[in-house]
Amino acid sequence: MNELDIAVLLITIFSITAFGIWQTRKRDSLSSYLKGAGQTPWWAIGLSVMATQASAITFLSTPGQGYLSGLGFLQIYFGVPLALILISMFFLPIYHKLNVYTAYEYLEKRFDGKTRLLGAVLFLLQRGIGAGLTIYAPAIVLSTVFGWSLQTTIISCGLVVTLYTMLGGTDAVTVTQKYQLAVIFIGMLTAASLLIAKLPPDLSFTDAMHVAGGFGKLKAVNLSTDINERYTLWSGLFGGTFLMLSYFGADQSQVQRYISGSSIRESRLGLLFNAICKIPMQFCILMTGVLMFVFYQFKEPPLFFDSRVAKNLPTYQEEFSKTHLQKKRYLESWVQARHKGDVSASNIAFDQAKAAHLESERIRLTATKELAGQKKPTKTNDADYVFITFILKELPHGVIGLLVTSFFLAALSSKAAELNALGASTTIDFYRIKINSSATDFQCLKATRWFTFGWGLVAIMIALVANFSENLIQAVNILGSIFYGVLLALFLVAFFLKKVGGTAVFWSAIVAQLLIFAMYLSSSISYLWFPLIGCTTCVILSLLLQHFINSQKSTGKTAA
């Protein structure tokens, strides 16, 4: 980065942050700090919900996922439209009617205190760990750009976001997210446009899609019924629907975004905006990764995009370079034959290119195994470094600053929403119940700020010690899948099974959660099935246990 990039980065971040703090400077009550002023229009809710989910992980890691695996990851979002429609119909009216600060307050009104605390604990565990992931993502960017140590960058990013969230609360998050998203989308659109422009001049867009399809990158739908395959149509439609139902309907970081609406109608419109836009947005981000894959078929990519890994493997680079040069020549021959209409020659050249590609992947796999044998704490799944490497090496200055700014703003918006929700839940669901039941609103407001700061420190510590074997976009969804199914079940039982009481659902949730932990540690089932399995198990056990409790009561009365 040069002076222009740094200027773009600092001016944009400072301006948006200062604007958010200034606009919300008079939010000094507990209600306005946790829920906002209650006047948020539908489009601001929609953008806030989108920005909360679309963290730096989305814009940094998803293109890398598209580069390595193609469009198949899109299937995880197939359940989003149905999930948001159901939340608009059933969840939202209840939250608005009860005028709650957190979703878990409803669990106490419907069941009892221990069930409320269980729901809050599941949220705090999942979102607290997840907050560490959202710090890790921009730290990767800034450490790569400036050459800082990753640990120093994690601490710096974490403290900046934590202090920003402490000052502003919910409205500071909502007010600034629309501007943050605008910068993010401008940056991503600019990067995609320049990426297309940098493809070889004799390679048409149709040719590029043929290359991507020939290498298996355009397969967006997998009809396999194997539950061990991660991304299939069925895991996306069924498991993905339950994952998104729980994320948007039972995760306080999202609930807090749309209960700030001025009416149910405004909140519904905000959710439906996401139902319409989510899949197209993720498709475009993944397609950016697919186009990067095509670009790097004609320009040599690094053996590993994480330069720290590459330094450990000098002996493999020469072999990898020779293989890539052969692949490039075969693809150039394919383009020429294709344009001449020589089908036979083009098929032969493309088959040779695919064979060379398999050889280059073999070299990379061999190098990966050697790294694993060295027992060094080095991450070899470097999908998170693909996009930032392309940006720094291929894009002009000014645009580099814009893209780096986009990543940081995405982290700022999602991390602020997470910390705001963590602070709110800790105060409302624990502090005001277990620590200081007579606390005034002012004391709760003060406690919320300090809890927000505390969760920020927890997130920083998690990011410092974490070593992810997955790329970030997968890691965050795996984490959610482990906890979200059982959390969702608490609300589904509360909404629809009126005869089930707190004791039955509480112990059923404990058993179901332990089952999911065991499955994650011991089975190879796709993580997308965990929310469906956890939720279904909890609901069925709740019905059975409640029947047993009722039978025991009935037997006791008869004996009496």
Side-chain angles (χ1 to χ4, degrees), residues 90-91 94-95 98 100 102-130 238-239 241-243 245-247 249-252 255 422 425-426 428-435 437 478-523 525 527 529-560:
F90 299 108
F91 290 59
I94 294 174
Y95 294 148
L98 296 177
V100 294
T102 76
Y104 317 111
E105 289 181 82
Y106 170 71
L107 295 179
E108 182 171 16
K109 296 177 186 293
R110 169 64 178 84
F111 295 121
D112 50 36
K114 67 178 182 295
T115 307
R116 173 186 180 174
L117 292 178
L118 175 61
V121 165
L122 290 174
F123 161 70
L124 292 173
L125 279 174
Q126 190 279 332
R127 188 49 61 189
I129 299 172
F238 296 105
T241 296
F242 275 76
L243 176 61
L245 263 177
S246 51
Y247 176 59
D251 185 312
Q252 179 61 21
V255 174
L422 287 166
S425 181
T426 307
I428 301 301
D429 298 314
F430 286 92
Y431 174 78
R432 207 159 70 167
I433 295 176
K434 296 296 183 181
I435 300 176
S437 58
I478 291 171
L479 177 64
S481 295
I482 292 171
F483 289 97
Y484 274 153
V486 176
L487 183 60
L488 174 63
L490 296 177
F491 287 90
L492 293 184
V493 172
F495 292 160
F496 302 113
L497 303 178
K498 298 300 183 182
K499 294 184 179 180
V500 176
T503 298
V505 74
F506 176 84
W507 290 110
S508 298
I510 296 292
V511 172
Q513 190 61 68
L514 292 175
L515 172 65
I516 295 301
F517 286 147
M519 291 181 64
Y520 172 69
L521 294 173
S522 62
S523 75
I525 294 175
Y527 69 84
W529 293 109
F530 290 164
L532 174 59
I533 295 171
C535 181
T536 304
T537 301
C538 182
V539 170
I540 293 174
L541 287 179
S542 297
L543 289 169
L544 294 175
L545 186 54
Q546 188 61 52
H547 178 73
F548 175 77
I549 292 172
N550 292 341
S551 298
Q552 290 296 103
K553 289 181 179 179
S554 177
T555 302
K557 289 180 180 179
T558 302

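Predicted, not measured: the structure shown is a model, and the values here were computed from it.
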With Thr426 via side-chain hydrogen bond (donor to acceptor under 3.5 Å, both in side chains) - residues at least two apart: Trp455

Starting at CG of Leu487, measure out to CD1 of Ile482 and round the result to the nearest 0.5 Å. 14.0 Å

CG on Leu125 to CD on Gln513, rounded to 0.5 Å: 8.5 Å

Side chains of Val493 and Phe111: closer than 4.5 Å at any heavy-atom pair? yes

What are the two closest heavy atoms between Thr102 and Ser425, and how far apart are they? CG2-CA, 4.0 Å

Measure from the ring center of Tyr106 to the ring center of Phe495 and say whether it is less than 6.0 Å. yes

Do you know the tightest heavy-atom contact between Phe530 and Ser481? CB-O, 3.4 Å

Is it the case that the side chain of Ser246 and the backbone of Leu243 share a donor-acceptor pair, with hydrogens and angles ignored and the cut-off at 3.5 Å? yes

Can you check side chain to side chain contact (heavy atoms under 4.5 Å, CB included) on Leu118 and Ile510, steps first, answer last? CA-CA 9 Å; Leu118 175 61; Ile510 296 292; 3.9 Å; yes

What's the shortest heavy-atom distance between Leu532 and Gly239, and which atoms? CB-CA, 4.4 Å

Pair Leu245-Tyr484, side chain to side chain contact (heavy atoms under 4.5 Å, CB included): steps then yes or no: CA-CA 9 Å; Leu245 263 177; Tyr484 274 153; over 6 Å; no

Between OG1 on residue Thr503 and CG on residue Asp112, distance to nearest 0.5 Å: 6.0 Å

Could you check whether atom NZ of Lys114 has more than 12 heavy atoms from other residues, nucleotides or ligands sitting under 6.0 Å from it? yes

For the residue pair Tyr104 / Gln252, report whether a side-chain donor-acceptor contact shorter than 3.5 Å exists. no

Are the side chains of Asn550 and Gln546 in contact, using a 4.5 Å heavy-atom criterion? yes

Decide if atom NZ of Lys498 counts as having more than 12 heavy atoms of other residues, nucleotides or ligands within a radius under 6.0 Å. yes

Quick check: do Arg110 and Leu490 have side-chain heavy atoms less than 4.5 Å from each other? no

Compare every heavy atom of Gly534 with every heavy atom of Ala512, then report the nearest pair and how far apart it is. CB-O, 3.7 Å

Could you state the interatomic distance from CG (Leu422) to CD (Gln126), rounded to the nearest 0.5 Å? 9.5 Å

Results of side-chain hydrogen bond (donor to acceptor under 3.5 Å, both in side chains) for Glu105 - residues two or more places apart only: none

From Tyr520 OH over to Leu479 CG, what is the distance, rounded to the nearest 0.5 angstrom? 8.5 Å

Close side-chain approach of Phe91 and Phe491, heavy atoms under 4.5 Å: yes

Which atom pair, heavy atoms only, marks the closest approach of Cys535 to Ala489? O-CB, 3.7 Å

Minimum-distance pair of heavy atoms, taken over all atoms of Ser508 and Leu541: OG-C, 3.1 Å

Aromatic contact, Phe517 with Phe483 (centres under 6.0 Å): yes

Spatial distance of atom CG (Leu124) from atom CD1 (Ile129) [nearest 0.5 Å]: 11.0 Å

Could you check Phe123 against Asp429 for side chain to side chain contact (heavy atoms under 4.5 Å, CB included), going step by step and ending with a plain yes or no? CA-CA 11 Å; Phe123 161 70; Asp429 298 314; over 6 Å; no

